[in-house]
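Report on the following structure.
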Amino acid sequence: GAGVSQSPRYKVAKRGQDVALRCDPISGHVSLFWYQQALGQGPEFLTYFQNEAQLDKSGLPSDRFFAERPEGSVSTLKIQRTQQEDSAVYLCASSRGGLANTGELFFGEGSRLTVL
Amino acid sequence: GNSVTQMEGPVTLSEEAFLTINCTYTATGYPSLFWYVQYPGEGLQLLLKATKADDKGSNKGFEATYRKETTSFHLEKGSVQVSDSAVYFCALSDRNSGYALNFGKGTSLLVTP
């Protein structure tokens, strides 16, 4: 596609439910990032993939968060047993190059998760 | 660790006014610096960047100069337009952070006619 596509755009979950958020990066982009953006805050790094390899997951807040990119393109962020503090916008971004690339990151519009 | 501090908003300006949004950073290495913009209802977009000291990034009339001596990357525009109303994020990346972007909290700008 022309840009980074994320789905669903909006998700309401009851506390304790599992959710899965999908990211379709720009075709051919090597790098893929997930960020979490709480209301009124800047995006916070969650995890980074170079192709199918998850090279950095230091930002994942707990072991309830899991991300994968099995074929090096589409990525899924899964949150198990959601809690209210997980409510945020989850942003996906991709870029053409790999590590040490200072090129542009292209962001999706985000998936807004609300946990009741 | 790395961090970015930018001025609190919201900032409200009249059309054609001069804009400055302050951004300072802390980094252990030699970061690249960025300004991203988020227009209402849209995703984050790169506005401009600078990869080394004294570089000036510019785009759409906006400018920012990488100042190592003051660890700053202030965003400026000489004459803002209503269409510049958005949230602006200062960010950095470097080797120590695995090149992941480290964002400030964002500054909301509203330009009135």
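The chains referred to below are lettered A, B, ... by the order of the sequence lines, with proteins before strands, and numbering in each begins at 1.
Hydrophobic clustering (ILVMFWY, side-chain heavy atoms < 4.5 Å, transitive): B:Leu47 and B:Val80 are in one cluster. Placement of A:Leu113 and A:Tyr35 in two distinct hydrophobic clusters is found when ILVMFWY residues are connected by side-chain heavy-atom separations under 4.5 Å, directly or transitively.
Residue A:Leu39 places its CG atom among 12 or fewer non-hydrogen atoms of other residues, nucleotides or ligands, all under 6.0 Å distant. The neighbour count for A:Arg15 CZ, taken as heavy atoms of other residues, nucleotides or ligands under 6.0 Å away, does not exceed 12.
To the nearest 0.5 Å, atom CD of residue B:Gln38 and atom CG of residue A:Leu91 are 7.0 Å apart. Rounding to the nearest 0.5 angstrom, the gap separating the CZ atom in A:Phe107 from the CG atom in B:Leu101 is 5.5 Å. Atom OH of residue B:Tyr36 and atom CG of residue A:Leu105 lie 4.0 Å apart, to the nearest 0.5 angstrom. Separating the CZ atom in B:Phe89 from the CD atom in A:Gln37 is a distance of 4.5 Å, to the nearest 0.5 Å.
Annotation: side chain of B:Phe103 is not in contact with side chain of A:Phe45 (no heavy-atom distance under 4.5 Å).
Residues satisfying the salt bridge (Lys or Arg N to Asp or Glu O under 4.0 Å) test with A:Glu44, not counting sequence neighbours, are none.
Looking at A:Phe106, there are no atoms closer than 4.5 Å to chain B (heavy atoms on both sides), in backbone or side chain.
Options A:Gly59, A:Gly42, A:Ala93 differ in how many heavy-atom pairs under 4.5 Å they form with chain B, and the most are formed by A:Gly42.
Pairs passing the disulfide (SG to SG under 2.5 Å) check and including a residue from residues 18-49 of chain B, sequence neighbours excluded, read B:Cys23-B:Cys90.
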